[in-house]
Amino acid sequence: MTGFARQSGSMQQEKFSFSWVWEIKSVNGKNLDLKVRLPLWLDEVSLNLRNIAAKYFERGSLNVSLDVIWDKNETEVKINQALLDKVTEAALTLYRQYPEELARPSAAELLKIDGVLEVLKNRFDDNELAEICKKLRAGFEECCIRLQSDRRQEGVKIKAVLEEKVNRIEVLVQEIARLSATQPEQLKQKLSAQLAELLEGIAVSEERLAQEAVLLVNRADIREETDRLTAHIKTARELLDGSQTLGRRFDFLCQELNRETNTICSKASDIEIINRGMALKAVIEQLREQVQNME
């Protein structure tokens, strides 16, 4: 199911303060899949995010991002003294060799060399980092709750569409069942006409005609399929009326509806039944597409 949620928060400590914004974008997916974008130094936060999301969602592709704004009072400056000594010695050696061509190296120039000076921001001890991760995970869970609410609102709209499709399926199944009830007599008449044409007026006993008609009816009998379709429709309504998640089960139910419909189309010899069967397949496919959006 599609959806979007944002959750912000902040944390105040003596040494630092920070604020954050979680964003989750949800799109359709058969399984639960998380794609997380975090600051590199906060990778530890991602360890439990999937478990948190699984409490609220069973399927869907979630794109998760975290933006953090820091205000830390302490900034550490670290000098790589060994590297600085080597660079300084090399610079002075060159200056002594070419005093007229080169300027005397300055401290500012030496400190600009990569690796000599490192400014360390947002450095925390283990307790501070653990508290930060705890706050951020709690914020992520709040964001999941908001996304769940957003998806449920969409679910109400999709449910109405599903109910409409199920009602249409039921109408088509009832029409197929009604048409199939007239099949035995129609097959008998069709068989009589074909035999009369082939045998050029030679009489065929009613008993023999009845036997052949029974064989044709048995091969074309679709009552079992329509009964199973009726049972599947009942199950679909029970799922829609229930409070549990229905995505996976409804997806399987669509497969069963399609299987029975294919059997009907392959058995039927009546063009009206075949037409209803093709219409039924189209509605089932529409139903299946909508089910992909459900939790």
Side-chain angles (χ1 to χ4, degrees), residues 28 30 155 157-242 244-294:
N28 301 334
K30 291 185 177 180
K157 300 175 184 177
I158 296 176
K159 179 182 176 181
V161 176
L162 295 180
E163 289 174 340
E164 178 186 349
K165 300 301 180 186
V166 171
N167 291 338
R168 178 58 181 159
I169 289 172
E170 183 178 40
V171 170
L172 289 169
V173 170
Q174 289 174 348
E175 291 180 1
I176 290 172
R178 176 180 55 80
L179 290 169
S180 67
T182 64
Q183 284 295 286
E185 184 59 31
Q186 289 181 2
L187 288 172
K188 183 179 178 180
Q189 293 175 2
K190 183 178 180 181
L191 179 61
S192 299
Q194 289 175 339
L195 288 175
E197 183 179 351
L198 291 172
L199 299 177
E200 297 182 353
I202 299 175
V204 179
S205 68
E206 284 294 325
E207 181 180 355
R208 180 60 179 169
L209 184 60
Q211 290 175 352
E212 294 297 327
V214 167
L215 291 175
L216 289 174
V217 169
N218 286 336
R219 285 198 292 267
D221 189 4
I222 57 174
R223 285 176 297 181
E224 288 186 12
E225 286 73 23
T226 55
D227 287 344
R228 282 195 287 267
L229 284 171
T230 300
H232 293 332
I233 292 168
K234 181 181 178 182
T235 301
R237 288 208 169 98
E238 289 173 352
L239 289 174
L240 289 172
D241 291 338
Q244 73 278 22
T245 57
L246 54 81
R248 294 181 185 277
R249 282 172 289 181
F250 223 120
D251 195 26
F252 174 75
L253 192 60
C254 287
Q255 295 178 31
E256 294 303 304
L257 288 167
N258 198 54
R259 190 196 314 277
E260 301 299 339
T261 304
N262 284 335
T263 304
I264 287 174
C265 290
S266 65
K267 279 186 174 184
S269 59
D270 183 85
I271 188 62
E272 292 297 327
I273 293 179
I274 294 174
N275 288 339
R276 299 299 194 287
M278 298 305 295
L280 186 56
K281 282 175 64 67
V283 179
I284 292 171
E285 179 60 23
Q286 294 169 3
L287 180 67
R288 190 194 65 79
E289 290 175 355
Q290 290 295 333
V291 167
Q292 302 305 310
N293 300 325
M294 296 296 288

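Remark: E175 CD to L179 CG distance equals 7.0 Å, nearest 0.5 Å. Atoms CZ and CZ, from R276 and R178 in turn, are 6.5 Å apart once rounded to the nearest 0.5 Å. For the atom pair CE (M278) and CG (L280), the distance works out to 10.5 Å, reported to the nearest 0.5 Å. Note that CD1 of I169 and SG of C254 are 7.0 Å apart. Values are rounded to the nearest 0.5 Å. Residue E260 holds its CD atom at 5.0 Å from NE2 of H232, rounded to the nearest 0.5 Å. The distance from atom CG of L229 to atom CD1 of I176, rounded to the nearest 0.5 Å, is 7.0 Å.
By the side chain to side chain contact (heavy atoms under 4.5 Å, CB included) test, E164 is found to be paired with no residue, residues two or more places apart in sequence or in another chain being considered. With sequence neighbours excluded, the residues satisfying side chain to side chain contact (heavy atoms under 4.5 Å, CB included) with R237 are V166, N167, E170, I233. Remark: E285 engages R288, E289 in a side chain to side chain contact (heavy atoms under 4.5 Å, CB included) (not counting sequence neighbours). Qualifying salt bridge (charged side-chain N to carboxylate O under 4.0 Å, His left out) partners for E225, counting only residues two or more places apart in sequence or in other chains: R228, K267. With sequence neighbours left out, N275 forms a side-chain hydrogen bond (donor to acceptor under 3.5 Å, both in side chains) with no residue at all. Residues satisfying the side-chain hydrogen bond (donor to acceptor under 3.5 Å, both in side chains) criterion with E224, sequence neighbours excluded, are absent altogether. Contacts of N258 classified as side chain to side chain contact (heavy atoms under 4.5 Å, CB included), with partners at least two apart in sequence or in another chain: N262, K281, I284.
In terms of heavy atoms, L257 sits closest to T261 at O-OG1, 2.8 Å.
A 4.5 Å side-chain heavy-atom check between K165 and V161 finds at least one atom pair inside the cut-off. T263 is not listed as a side-chain neighbour of I222, based on a closest heavy-atom distance of 4.5 Å or more.
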